[in-house]
*Asks:* 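I have a structure I would like to understand better, so I am pasting it below and will then ask my questions one at a time.
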Amino acid sequence: MMMMQLTETPSQKNSLFNAMNRFIGAVNNMDQTIMLPSMLRDVPLEEDREMTSSLKSDDEEGDMYSYYQLLKSIRRDIEWGVRCAAADERRKESMKITRMNSTTSTSSSASSSSASSSSSEEEDEEDEDLEKQFQFHLTGLHGVLSKLTVQANSLTKRYKKEIGIGGWGQ
């Protein structure tokens, strides 16, 4: 099966959309190449330093199969959204934080009489903070997607090497 590659201009190289497409394409290629995922069980990641360093902490053990499943799970989250259970857990957590913050803000606003006069300045700062937060997270997400793409490609190459077709299809 032939994959269609979208051509990118240099200015689009840092596009989040293109980074997601590159990652999804790499995982799709990995998924199409790896016909027997069970062969990845018990194959340690340690041979591939690129994968191992950013995949797990030092005390965790992992094999290529668990990493294959992780990459597919991340692709599914990008394509379909975060799984409901994880979203529900985050929603519960944010409700706790919101309750705590609303209790704190109620008590602090009661003690401050000049809160209303500085609200427009706070909104301007908040808007600026949102832009900074967005840029920070966009940069981080792009970096993570780029690393995951490299790792999906590395896992595919490693699988080919394990089954003896290392030079095919490159």
Side-chain angles (χ1 to χ4, degrees), residues 3-33 45 48-60 62 64 66-158:
M3 276 190 0
M4 192 172 99
Q5 290 284 359
L6 298 175
T7 56
E8 294 178 359
T9 64
S11 63
Q12 293 175 314
K13 189 118 179 103
N14 293 323
S15 158
L16 179 61
F17 182 72
N18 288 334
M20 287 190 300
N21 282 333
R22 281 190 299 271
F23 169 72
I24 290 169
V27 174
N28 287 343
N29 183 42
M30 175 190 79
D31 210 13
Q32 290 169 1
T33 302
L45 289 168
D48 227 330
R49 290 288 166 222
E50 258 177 16
M51 271 203 260
T52 309
S53 62
S54 57
L55 167 66
K56 58 187 177 61
S57 63
D58 294 335
D59 58 333
E60 286 182 40
M64 284 179 53
S66 60
Y67 198 51
Y68 168 82
Q69 293 297 340
L70 174 68
L71 290 167
K72 285 180 58 173
S73 172
I74 293 170
R75 176 192 62 189
R76 186 174 48 249
D77 288 348
I78 289 173
E79 291 177 329
W80 299 100
V82 179
R83 291 180 291 281
C84 293
D88 287 347
E89 192 59 38
R90 278 197 299 277
R91 201 174 305 119
K92 288 177 192 172
E93 210 42 54
S94 75
M95 286 174 68
K96 287 179 192 173
I97 292 169
T98 305
R99 280 191 213 119
M100 287 172 50
N101 287 344
S102 65
T103 306
T104 307
S105 64
T106 305
S107 62
S108 66
S109 65
S111 65
S112 172
S113 60
S114 64
S116 60
S117 66
S118 65
S119 64
S120 64
E121 288 176 22
E122 288 175 15
E123 285 175 16
D124 290 344
E125 285 178 28
E126 202 172 282
D127 288 344
E128 188 178 312
D129 287 347
L130 286 175
E131 185 179 359
K132 285 178 184 175
Q133 287 176 22
F134 175 74
Q135 291 298 327
F136 174 78
H137 290 293
L138 182 65
T139 302
L141 185 55
H142 187 276
V144 168
L145 284 169
S146 296
K147 288 177 185 175
L148 288 170
T149 301
V150 167
Q151 292 171 356
N153 289 331
S154 295
L155 193 137
T156 304
K157 286 177 189 170
R158 176 97 183 273

*Asks:* Identify the two heavy atoms, one from Leu71 and one from Ala152, that lie closest to each other, and give their separation to 0.1 Å.
*Replies:* CD1-CA, 3.7 Å
*Asks:* Taking the side chain as everything from C-beta on, heavy atoms only, tell me whether Leu155 gets closer than 4.5 Å to Gln151.
*Replies:* no
*Asks:* Rounded to the nearest 0.5 Å, how far does CG of Leu148 lie from CZ of Arg22?
*Replies:* 12.5 Å
*Asks:* Mind checking what makes side chain to side chain contact (heavy atoms under 4.5 Å, CB included) contact with Ile78, not counting sequence neighbours?
*Replies:*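 Result, side chain to side chain contact (heavy atoms under 4.5 Å, CB included) vs Ile78: Met20, Phe23, Ile24, Ile74, Leu145.
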*Asks:* Heavy atoms, side chains only, cut-off 4.5 Å: are Gln133 and Leu130 in contact?
*Replies:*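 Result yes, sub-4.5 Å side-chain heavy-atom pair found.
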*Asks:* Which distance, rounded to the nearest 0.5 Å, do you find between the CG of Leu141 and the CG of Leu16?
*Replies:*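 Nearest 0.5 Å value for the CG-CG distance: 5.0 Å.
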*Asks:* Apply side chain to side chain contact (heavy atoms under 4.5 Å, CB included) to Ser146 and list each qualifying residue two or more places apart in sequence or on a separate chain.
*Replies:*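 Scan of Ser146 (side chain to side chain contact (heavy atoms under 4.5 Å, CB included), adjacent residues dropped) gives His142.
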*Asks:* Under the salt bridge (charged side-chain N to carboxylate O under 4.0 Å, His left out) rule, collect the residues that match up with Asp129, sequence neighbours excluded.
*Replies:*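 Listed in chain order: nothing, the list is empty.
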*Asks:* Take atom CD of Gln135 as the centre, draw a 6.0 Å sphere, and report whether it contains more than 12 heavy atoms from other residues, nucleotides or ligands.
*Replies:* yes
*Asks:* So which heavy atom on Ala26 is nearest to which on Asn153, and how close?
*Replies:* CB-OD1, 3.4 Å
*Asks:* Could you give the distance from NZ (Lys147) to OG (Ser154), rounded to the nearest 0.5 Å?
*Replies:*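 Going from the NZ atom of Lys147 to the OG atom of Ser154 covers 13.5 Å.
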